[in-house]
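Notes for the one structure printed next.
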2 protein chains.
Amino acid sequence: MGATYHQFCPVAKAMELLDERWTLLLVRELVTGSERFNDLRRGLPRMSPALLSRRLGQLVRAGLVERRHEDGQVRYVLTPAGRELRPVVEAIGAWGTRWVGEIGDAELDPQLLLWDMHKNVNLDAVPAGRTVVRFRFPDAAPGARDWWLVITGREVDVCDTDPGFEVTVTMTARLRCMTEIWLGDLSWSRALRTGALEVTGPEALRRAAPGWFALSVFAGVPRPSRD
Amino acid sequence: MGATYHQFCPVAKAMELLDERWTLLLVRELVTGSERFNDLRRGLPRMSPALLSRRLGQLVRAGLVERRHEDGQVRYVLTPAGRELRPVVEAIGAWGTRWVGEIGDAELDPQLLLWDMHKNVNLDAVPAGRTVVRFRFPDAAPGARDWWLVITGREVDVCDTDPGFEVTVTMTARLRCMTEIWLGDLSWSRALRTGALEVTGPEALRRAAPGWFALSVFAGVPRPSRD
DNA sequence: CGGTATCCCCGTCGATACTG
DNA sequence: CAGTATCGACGGGGATACCG
């Protein structure tokens with residue numbers, strides 16, 4: 001665990017656990033439903049597996065996470081104590097949404113964006129059968145420009161290579177534009193109106209497609225009024 | 001500022017700023033009303049002045065704190081962005097109250113306890129004129145056993161040497177006991193009933209004394225039911 | 001899939017002393 | 001009161017490779 005503050009204050013005691021690098025982002029991933037080691041990695045691509053392993057161990061020892069080994073696979077599941085960190089994560093995210101400045105180019109990441117979006121597909125809104133949403137980011141790094149979300153029943157998969165299925169709709173936008181939509185800084189309708197986002201496919205599906213995605217939980221946070 | 005996570009997520013952006021050691025405790029001090037460098041030090045006695053200075057600079061640069069130099073003295077005042085961290089601090093403190101284990105002996109600190117308590121004196125409840133509350137911690141380190149809170153009008157001062165005024169009431173308890181009262185883990189009435197706390201002085205004042213103190217903001221947080 | 005092992009660097013932090 | 005200055009240790013964590 002992290003170094004002690006030698007303070008009896010509950011804030012200090014909590015931060016001894018939570019203020020280490022990556023810890024709260026790991027909690028964010030757990031709170032948003034990832035349970036498998038490699039799924040956690042996908043949400044934290046810049047975190048080394050060694051460190052992820054260590055952080056998970058710390059959370060287990062602290063009683064926030066339970067490591068379940070069953071059916072030959074491992075799942076990390078939040079305990080009640082861990083689950084109660086959701087309000088903390090939400091308070092921090094809401095604050096960040098309101099007060100932390102612009103997103104740098106280095107923070108735009110199609111993989112991460114798609115990984116986030118795939119966790120928030122509104123399955124009830126998607127047509128029955130298989131739906132394939134193809135994303136095109138013309139300005140992304142070569143090899144990271146084309147992505148597919150394959151939605152089948154209760155499953156959503158992210159692909160960075162063509163899965164070969166028929167594409168239902170294609171969304172084309174600059175990576176920053178799609179990220180802003182996801183974060184609630186830009187509305188679907190405005191992006192479409194200005195041409196920053198282009199959706200192609202059969203008319204009915206094209207119109208419905210934005211409704212298939214629930215945006216980031218922070219998209220609805222009111223921004224500070226500029227005065 | 002801290003290292004970047006290279007993530008566009010608002011939680012990540014916020015934590016780049018907030019997850020460094022001491023930062024959120026400093027915010028806690030600012031949120032609870034300390035504005036002067038040396039007052040901040042009193043609330044963070046184990047933090048070196050160099051580091052405190054640096055952290056303050058980071059918060060100023062991040063736009064959370066404004067440094068005001070006026071009348072030959074310096075005040076650090078939270079900006080709107082900084083003030084909005086209160087819910088974050090409260091969420092973390094509430095979680096810590098519910099889920100972080102026992103307080104270690106090394107965390108018991110009479111100076112810190114008195115500093116916290118002096119910020120939460122219920123001035124309207126204290127008798128007019130000067131009130132002196134003396135605290136005795138028989139088990140504290142030699143030289144840190146006797147403390148005085150001198151309350152005059154709008155001012156509360158902490159003394160670790162006898163200020164020489166007549167003592168209104170004296171409270172005697174083990175340091176852990178007084179800390180538990182402050183944190184809401186033990187009620188005044190129970191502490192008095194069990195004899196863990198002794199209050200001496202004129203009857204009316206003795207009975208009124210507990211009402212002079214507002215407890216920690218986390219004292220009222222419901223504890224997890226044990227089941 | 002679910003992790004270990006290793007290595008090394010560099011930055012953070014703590015300690016202490018000192019200043020206008 | 002409100003900070004600087006300096007210095008050294010340590011260990012966190014990034015990178016990379018590897019394993020069952």
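The sequence lines fix the lettering, A, B, ..., with proteins before strands; numbering per chain opens at 1.
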_Side-chain donor-acceptor pair present, A:Arg28, B:Gln7, cut-off under 3.5 Å_ = yes
*asked:* Centre-to-centre under 6.0 Å for B:Trp22 and A:Tyr5, is that the case here?
replied: yes
*Closest to the B:Asn38 side chain: C:dC13, D:dA2, C:dG3?*
D:dA2
*Between D:dA2 atom P and B:Tyr76 atom OH, what is the distance in whole Å?*
8 Å
*In whole angstrom, give the distance that lies between atom OH of A:Tyr5 and atom P of C:dC13.*
8 Å
*Check the distance between C:dC1's P and A:Glu35's CD and give it to me in whole angstrom.*
15 Å
*Counting side-chain heavy atoms from C-beta on, which of D:dA15, C:dA17, C:dT12 comes nearest to A:Ala50?*
D:dA15
*Round to the nearest Å and state the distance from A:Leu56 atom CG to C:dC1 atom C1'.*
14 Å
*Assign B:Arg68 to base, sugar-phosphate, or nothing according to its heavy-atom contacts below 4.0 angstrom with the strands shown.*
nothing
_Of the listed nucleotides C:dA15, D:dG14, C:dT12, the one nearest the side chain of B:Arg54_ = C:dT12
*asked:* I want to check a possible cation-pi pair here: A:Arg174 against A:Phe137, using under 6.0 Å from ring centre and within 45° of the ring axis as the test.
replied: no
_Check: A:Thr97 side chain, A:Gly93 main-chain N or O, donor-acceptor pair, under 3.5 Å_ = yes
*asked:* Measuring to OP1 and OP2 of C:dG3, would you say a side-chain N or O of A:Arg67 lies under 4.0 angstrom away?
replied: yes
*Which listed nucleotide (D:dA2, C:dA15, C:dT12) is nearest to the side chain of B:Phe37?*
D:dA2
_Among C:dG2, D:dC1, D:dG13, the nucleotide that comes nearest once only the side chain of A:Arg36 is considered_ = C:dG2
*Round to the nearest Å and state the distance from A:Leu40 atom CG to C:dG3 atom P.*
10 Å
*Kindly point out which of C:dA15, D:dG13, C:dC13 is positioned nearest to the side chain of B:Glu20?*
C:dC13
*asked:* Using the side-chain heavy atoms of A:Ser53, tell me which of these nucleotides is nearest: D:dG14, C:dC1, C:dG3.
replied: C:dG3
